[in-house]
Participant: 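Handing you this structure, nothing more for now.
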Number of protein chains: 2
Amino acid sequence: MQLIMTCINLRKPPCSLKVGPDKMVNTLNNEPDFKQVLRDAGLRVTPQRASVITILSETDDHPNVEELYEKVRKLDDTISVATVYRTLSVLENVGLVRKLVLNDAPARYEMMPPTNHDHLVDLESGELVEIPGTDIADVMNRVASELGYEIVSHHTVIRARKR
Amino acid sequence: MQLIMTCINLRKPPCSLKVGPDKMVNTLNNEPDFKQVLRDAGLRVTPQRASVITILSETDDHPNVEELYEKVRKLDDTISVATVYRTLSVLENVGLVRKLVLNDAPARYEMMPPTNHDHLVDLESGELVEIPGTDIADVMNRVASELGYEIVSHHTVIRARKR
DNA sequence: CCTGTTAATGCGAATTATTCGCAAATGTCA
DNA sequence: TGACATTTGCGAATAATTCGCATTAACAGG
């Protein structure tokens with residue numbers, strides 16, 4: 001009975017990001033969009049919210065608030081951490097951003113992608129892998145629908161190891 | 001800044017947990033099993049670990065640590081909160097327990113069920129609904145397998161509203 | 001049944017991600 | 001432009017979880 005022990009730095013993984021072939025994040029297209037989404041929700045378009053969205057749209061990985069804050073400060077050096085938190089919360093509630101809660105680590109964030117995808121943590125390397133395709137989301141939609149529900153969002157993290 | 005390293009025991013979770021026919025989990029059937037699982041992982045069987053498993057097996061909701069701690073104290077009034085945390089962490093790593101992280105609330109725990117299920121939060125009532133069936137898990141297994149991975153555990157919370 | 005080794009516990013303090021309270025600033029709409 | 005509700009910045013507060021360390025106890029091997 002051998003015991004495989006692996007140490008994973010859960011606090012600040014380098015988090016190289018593997019993405020499926022169909023990767024398309026378009027910042028420029030996003031901008032007019034997000035303003036409309038905010039306004040439709042009765043919320044204001046502030047430079048702080050725009051900065052967070054800009055940075056998050058440019059980023060390929062899933063930054064936590066600390067990382068995001070550092071980057072956003074280069075656009076707006078007066079923004080506060082509390083505002084980054086509040087902004088992310090607002091953006092999550094209007095469906096522009098997804099919050100990822102990994103185990104025992106600060107939450108990570110990503111722009112809500114046009115094509116849904118889910119996440120897998122490689123337990124050996126700590127790597128965060130994006131699962132391409134909509135198969136998982138499709139089944140969730142079907143199953144939720146059978147229970148009489150309509151999915152607003154979902155949070156999925158699979159912990160797995162290479163076979 | 002301090003670096004927090006966490007070690008995860010990557011043992012494969014037990015294939016079969018012997019549990020009663022329905023959702024009511026039978027502690028007595030569980031006990032020999034969990035002892036073996038712990039020993040196989042090179043861990044000790046302590047009364048504290050047994051108590052936590054007993055209480056968690058008797059419960060059919062998803063208690064958080066505070067609730068669990070109160071109940072466990074009735075079996076063992078000297079157990080400490082820290083031990084409950086440590087125990088749950090150990091049991092999770094060994095595949096006996098699943099940790100559920102809902103939005104902005106303390107984590108909740110459940111025994112790893114023999115038939116996998118996932119969770120849905122009813123956004124209107126706040127109710128936590130168990131999704132029966134293995135459809136979601138089946139797809140995840142297939143998709144992970146296509147990426148060359150074997151799932152150790154997964155965490156899924158769907159946020160939805162009644163249709 | 002002992003005994004040594006070492007993992008596990010209990011306690012309370014420490015950590016730290018996140019939120020809060022409030023005064024000041026600012027987006028929005030008429 | 002002016003009114004006013006929302007949002008921000010700041011620093012303090014909160015609260016879930018972990019940590020340090022002395023003490024206890026599980027269990028393997030006599």
Side-chain angles (χ1 to χ4, degrees), chain A residues 1 3 5 9-12 34-53 63-70 72-73 75-94 97 99-109, chain B residues 1-9 34-53 63-70 72-73 75-94 97 99-109:
Chain A
M1 70 197 91
L3 200 62
M5 296 291 284
N9 175 354
L10 287 173
R11 181 172 164 73
K12 217 177 214 176
F34 90 81
K35 291 184 181 174
Q36 203 46 55
V37 172
L38 285 175
R39 291 205 177 97
D40 288 353
L43 299 166
R44 292 179 181 173
V45 177
T46 66
Q48 290 88 344
R49 286 171 182 171
S51 297
V52 168
I53 286 180
N64 59 33
V65 169
E66 192 185 343
E67 294 159 351
L68 207 43
Y69 175 59
E70 286 311 321
V72 171
R73 286 179 62 169
L75 286 189
D76 173 357
D77 62 345
T78 65
I79 198 173
S80 71
V81 200
T83 296
V84 175
Y85 274 104
R86 277 182 301 222
T87 298
L88 288 169
S89 172
V90 163
L91 296 178
E92 192 196 7
N93 288 334
V94 297
V97 156
K99 178 182 184 179
L100 276 180
V101 183
L102 306 188
N103 238 2
D104 303 328
R108 301 182 159 274
Y109 297 85
Chain B
M1 164 159 315
Q2 179 188 0
L3 207 59
I4 300 173
M5 299 288 286
T6 302
C7 290
I8 295 188
N9 174 355
F34 91 80
K35 290 182 181 175
Q36 203 46 54
V37 173
L38 285 175
R39 291 207 176 94
D40 287 353
L43 299 166
R44 292 179 183 175
V45 177
T46 66
Q48 290 88 344
R49 286 171 181 173
S51 297
V52 169
I53 286 180
N64 59 31
V65 168
E66 191 183 347
E67 292 158 352
L68 207 44
Y69 174 60
E70 285 311 321
V72 170
R73 286 178 62 165
L75 285 188
D76 172 356
D77 62 345
T78 65
I79 198 173
S80 71
V81 201
T83 296
V84 175
Y85 274 103
R86 278 181 300 224
T87 297
L88 288 168
S89 172
V90 163
L91 295 177
E92 191 196 8
N93 289 335
V94 132
V97 156
K99 178 181 184 180
L100 276 181
V101 183
L102 306 188
N103 235 5
D104 305 328
R108 303 185 156 273
Y109 296 85

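For the numbers below, each heavy atom of this structure counts, side chains included, while hydrogens, waters and symmetry mates do not. Chain letters run A, B, ... following the sequence lines, proteins first and then strands; every chain starts at 1.
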Participant: Assess the side chains of A:Arg86 and A:Ser89: does a donor N or O sit below 3.5 Å from an acceptor N or O?
Facilitator: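 Their side chains do not contain a donor-acceptor pair, so the 3.5 Å distance test is not met.
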
Participant: Using whole Å, what does the distance between atom P of nucleotide D:dT17 and atom CG of B:Leu100 come to?
Facilitator: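 Rounding to the nearest Å, CG of B:Leu100 and P of D:dT17 are 12 Å apart.
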
Participant: In residues 79-87 of chain A, which ones come under 4.0 Å of DNA chain D, going by heavy atoms?
Facilitator: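 Contacts with DNA chain D under 4.0 Å: A:Ile79, A:Ser80, A:Ala82, A:Thr83, A:Arg86.
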
Participant: Provide, to the nearest angstrom, the distance between the CG atom belonging to A:Leu88 and the C1' atom belonging to C:dT18.
Facilitator: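 Distance, rounded to whole Å: 12 Å.
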
Participant: Provide, to the nearest angstrom, the distance between the CG atom belonging to A:Leu38 and the P atom belonging to C:dT26.
Facilitator: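 Going from A:Leu38 (CG) to C:dT26 (P), I get 19 Å.
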
Participant: What is the separation between atom CG on A:Leu68 and atom C1' on C:dT18, rounded to the nearest whole Å?
Facilitator: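 In whole Å, C:dT18 C1' and A:Leu68 CG are 15 Å from each other.
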
Participant: Taking B:Val52 as the fixed residue, which of B:Leu91, B:Leu75, B:Val90, B:Val97 is the one that meets the side chain to side chain contact (heavy atoms under 4.5 Å, CB included) rule?
Facilitator: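 Among B:Leu91, B:Leu75, B:Val90, B:Val97, the one that satisfies the side chain to side chain contact (heavy atoms under 4.5 Å, CB included) with B:Val52 is B:Leu91.
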
Participant: Return the 5'-most residue of the pair A:Leu43, B:Lys99 with respect to DNA chain D, ranking by each residue's nearest nucleotide.
Facilitator: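 Nearer the 5' end of the strand: A:Leu43.
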
Participant: Can you tell me how far P of C:dA8 sits from CG of B:Leu91, to the nearest Å?
Facilitator: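 So the two atoms are 11 Å apart, to the nearest Å.
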
Participant: Can you name the salt bridge (charged side-chain N to carboxylate O under 4.0 Å, His left out) partners of B:Arg108, sequence neighbours left out?
Facilitator: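 Counting only residues at least two positions away or on another chain, B:Arg108 forms a salt bridge (charged side-chain N to carboxylate O under 4.0 Å, His left out) with B:Glu67.
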
Participant: Out of C:dG10, D:dT8, D:dA26, which has the shortest distance to the side chain of B:Thr46?
Facilitator: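 Among the listed nucleotides, the one closest to the side chain of B:Thr46 is D:dA26.
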
Participant: Tell me which of B:Tyr69 and A:Pro47 sits closer to the 5' end of DNA chain C, going by the nucleotide each one is nearest to.
Facilitator: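 Upstream on the strand: B:Tyr69.
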
Participant: Can you check the A:Gln36 CD to C:dT28 C1' distance for me, whole Å?
Facilitator: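 Between C1' of C:dT28 and CD of A:Gln36: 14 Å.
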
Participant: Report the distance from atom CD of A:Glu66 to atom P of C:dT16, rounded to the nearest whole Å.
Facilitator: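 In whole Å, C:dT16 P lies 10 Å from A:Glu66 CD.
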
Participant: OP1, OP2 of D:dA25 versus side-chain N and O of B:Arg44: anything below 4.0 Å?
Facilitator: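 Checking B:Arg44 against D:dA25: no side-chain N or O falls below 4.0 Å of OP1 or OP2.
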
Participant: Measure the distance from CZ on A:Arg108 to P on C:dA17 and round it to the nearest whole Å.
Facilitator: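 Between P of C:dA17 and CZ of A:Arg108: 12 Å.
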
Participant: Per the side chain to side chain contact (heavy atoms under 4.5 Å, CB included) rule, which among A:Leu100, A:Asn64, A:Leu88 passes with A:Tyr109?
Facilitator: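 Only match with A:Tyr109 under side chain to side chain contact (heavy atoms under 4.5 Å, CB included): A:Leu88.
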
Participant: Distance check, rounded to the nearest 0.5 Å: B:Thr87 atom OG1 versus B:Tyr69 atom OH?
Facilitator: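 Here the interatomic distance stands at 12.5 Å.
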
Participant: Determine whether a donor-acceptor pair (N or O, by modelled atom type, separation under 3.5 Å) exists between the side chain of A:Ser51 and the backbone of A:Pro47.
Facilitator: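 Yes; at least one donor-acceptor contact below 3.5 Å.
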
Participant: So, does B:Thr78 get its side chain near the phosphate of C:dT9, meaning an N or O under 4.0 Å from OP1 or OP2?
Facilitator: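 For C:dT9, OP1/OP2 do not have a side-chain N/O of B:Thr78 under 4.0 Å.
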
Participant: Given D:dG9, is OP1 or OP2 found less than 4.0 Å from the side-chain N or O atoms of A:Gln48?
Facilitator: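 Checking A:Gln48 against D:dG9: at least one side-chain N or O falls below 4.0 Å of OP1 or OP2.
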
Participant: Out of curiosity, A:Ser80 OG to A:Gln48 CD, how far, rounded to the nearest 0.5 Å?
Facilitator: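 It comes to 8.0 Å.
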
